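For reference, the structure discussed in these notes is given below.
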Amino acid sequence: MSSRQLTYKNHTIVIENGHLFIDQKEIEYELDHERQKWSSWYLPYTQYDSLGELAKAIIVDTDEFNA
Amino acid sequence: MALRKDANTLTSSERRELVNAILQLKADGIYDRFVLRHANANMMSIHRCPAFLPWHRRYLWDLEQELQRVSGNPNLGIPYWNWPSGAENASMWNDDLLGGNGNTQGIVTSGPFRQGQWQVVNSSGVASGPLRRQFGQGTSRNLPTVAELEQLLQTTPFDSSPWNMRSEPSFRNRLEGWLSNSGPAYHNLGHVWVGGSMLPMTSPNDPVFFMHHCMVDKLWHEWQLRLPNQSYQPLSGAPFGQNQNDPMSNTPAASIGRRPADVLDSTAIGIEYDQLLPGTPNPTPTPEPLRGTPLTIDTGPITAQISRPGEHDLYRIVVPRFAEYVIETSGNSDTFMTLFGPNSTLNEITRNDDGGVNLNSKITLNLSAGTYYADIRLYSSAAIGEYAISVTSAAEETSTPQLTVDAPATSAAISVRNESDIYRFNVTRRAYHTIETTGPTDTYLSLFGPNDETLLIQEDDDSGSVYNSRIRRILSVGEYYARVRHYSSAATGSYAISVSRR
């Protein structure tokens, strides 16, 4: 069981067994295996190099987390 | 006819008219409904897939209808963001149109959509702060040049398997921006270049979204004009909602249909651009109206014959309004029918061999207004024979079945593929209402209203029991419409539907 937790701009990011949570809300994401890039419904026009980077971008760039 | 102009060339009065219309739609709550229609769509149904281009074409068309309505100008078109001349200093970013870049916090503080005048909404529809822009902060790339647009327009085919962000070669995928190793990310780049509110699924919060997608749509239009032998793909085989004749996700009923097939011809749906790139031929307003023998709807069959082996007969059908039509042959010949359109003899919609009586062909389909072409041949290329052909519209609309709130469920069935059942019901006091289906069928439910059969409120697939659909929300007083279809366009099945106040 792998688990990683960090706080970013007062939001809690948890990556646990391949699941991503921001403030306890599970965030669905897609992994582009070929390019090793991560993306999410929240940010449909961009891909990120890691789940952590994706989570930070969601916190900064969506109205759900940056209102 | 909507005339779409380069946003930088709009006159002062044109800018004022457009801005006032947008502000009116915002004040009426209609603009935010457009934001939510995009934000709450399944991402993989409208992005990273073939329907990306037709979905957004129809979405722009719908907003344009609203802008024309509130402005009183039937020719008002959404202007396009002409990327090669649309960087930070372009006049479209002046305060009489879009306003400019955000401040150091990214907040837009000038123009009609500035802080204090314009609130963005989150994906739940809740106001969540000012509009934000951060020009060029998320990318090192400049906006596409004319040369890069020319390069894009040479890409074929329209799309390819696996019909997603890994499709290559694919005009759609290159334009969308997922094949950026050898050029700009075009559509994606525009979103990232503006930054801020243009990054999430709620990106229509920034009115430049519509100008950006108008440019995307213009490029698809130019690609279609330059490459008339290329067509939308796929016809079949992709996930539901992506094939040419599938209804698209989060797209309401209107005077044009919900399928990619219904929006393939920009000219036919009343769109005109002020200028095209050098090398793009002008659209022919009525491409091939005189080809084929006229076949009039509801006037009885006409007889004909295939008198030489391998001969094809072509019929022209002018469809006046969106409805279900039946095109069929009769007689003793084994006919084969292929339907093309709208307004094109190149764009195949569907084909049929023996769907009619005996060995006759028959096509039953919802068609939008436009000109369609039915090609008839005999199944055997060596045969000759007589046949008759007719086209009929579905029987005049019977009154829409009425559901009563808190009454027992009404039993029904999707008895043929692609069928939709429509019900109406009245809400007499504002309260939570639940509309749901029960039974063994995987239903898909769409709710429209109040008092407008075309105004989509919410859609649902599987929130009910097993694969049934269920919508629960507060409804104000008025008349509402519930549309039920099978999740699969190819399947049928029974169900029951009810409305309750709880």
Side-chain angles (χ1 to χ4, degrees), chain A, chain B residues 35 38-49 52 105-107 119-132 134 137-139 162 164-166 168 176-181 185-203 205-206 209 212-213:
Chain A
M1 184 172 182
S2 65
S3 180
R4 182 176 147 224
Q5 178 170 328
L6 68 152
T7 301
Y8 182 71
K9 294 187 182 290
N10 295 322
H11 295 275
T12 304
I13 300 170
V14 174
I15 301 170
E16 191 173 74
N17 292 329
H19 294 270
L20 171 64
F21 300 86
I22 301 177
D23 298 340
Q24 297 184 322
K25 178 179 173 60
E26 180 159 16
I27 307 296
E28 288 188 24
Y29 65 85
E30 186 187 10
L31 170 59
D32 182 342
H33 288 278
E34 196 173 303
R35 297 169 184 159
Q36 281 298 297
K37 299 273 189 183
W38 282 259
S39 63
S40 162
W41 167 88
Y42 284 93
L43 298 167
Y45 315 113
T46 41
Q47 291 183 304
Y48 299 87
D49 291 333
S50 70
L51 259 185
E53 280 188 37
L54 170 64
K56 289 178 181 175
I58 289 172
I59 288 169
V60 170
D61 291 325
T62 68
D63 297 315
E64 278 70 17
F65 295 99
N66 186 29
Chain B
V35 176
H38 186 274
N40 293 323
N42 181 335
M43 181 180 77
M44 308 304 273
S45 298
I46 70 169
H47 298 110
R48 311 177 183 192
C49 59
F52 166 70
Q105 283 83 48
I107 297 170
Q119 284 256 322
V120 302
V121 293
N122 66 18
S123 59
S124 300
V126 176
S128 52
L131 184 65
R132 294 171 187 272
Q134 291 182 301
Q137 294 296 299
T139 177
N164 58 26
M165 65 197 298
R166 287 177 289 281
E168 189 172 16
E176 188 172 359
W178 300 113
L179 301 177
S180 56
N181 288 341
Y186 300 101
H187 155 263
N188 287 345
L189 173 60
H191 280 275
V192 174
W193 186 88
V194 175
S197 300
M198 275 283 274
L199 293 173
M201 276 290 273
T202 48
S203 49
N205 269 312
D206 191 334
F209 171 97
H212 178 48
H213 270 275

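This is a predicted model, so every value here is computed, not measured. Chain identifiers are assigned alphabetically (A, B, ...) following the order of the sequence lines, protein sequences preceding nucleic acid strands; residue numbering begins at 1 within each chain. The basis for the numbers below is simple: all heavy atoms, side chains too, and nothing from hydrogens, waters or symmetry mates.
Interatomic distance, CG of B:Asn205 versus CG of A:Asp63, reported as 6.5 Å (0.5 Å rounding). Taken from CG in B:Leu199 to OG1 in A:Thr46, the straight-line distance is 6.5 Å, to the nearest 0.5 Å. Here B:Trp178 contributes atom CH2 and A:Arg35 contributes atom CZ; the two are 8.0 Å apart, rounded to the nearest 0.5 Å. The structure places CD of B:Gln134 at 7.5 Å from CG of A:Asp61, a figure rounded to the nearest 0.5 Å. With values rounded to the nearest 0.5 angstrom, A:Asp32 atom CG is found 8.5 Å from B:Arg48 atom CZ.
Residue B:Val126: no heavy atom, backbone or side chain, is found under 4.5 Å from chain A. Heavy atoms of B:Ser203 lying under 4.5 Å from chain A belong exclusively to its side chain.
Taking the six-membered ring where the residue is Trp, A:Tyr45 and B:His47 present perpendicular rings, their angle passing 60° and hence far from 30°.
A donor-acceptor contact closer than 3.5 angstrom is absent between the side chains of A:Tyr42 and B:Ser123.
Here the shortest heavy-atom pairing between B:Pro200 and A:Pro44 reads C-CD, 3.8 Å.
For CD of A:Gln36, the number of neighbouring non-hydrogen atoms (other residues, nucleotides, ligands) closer than 6.0 Å is greater than 12.
Chosen from B:His191, B:His187, B:Met165, the residue pairing most often with chain A at heavy-atom distances under 4.5 Å is B:His191.
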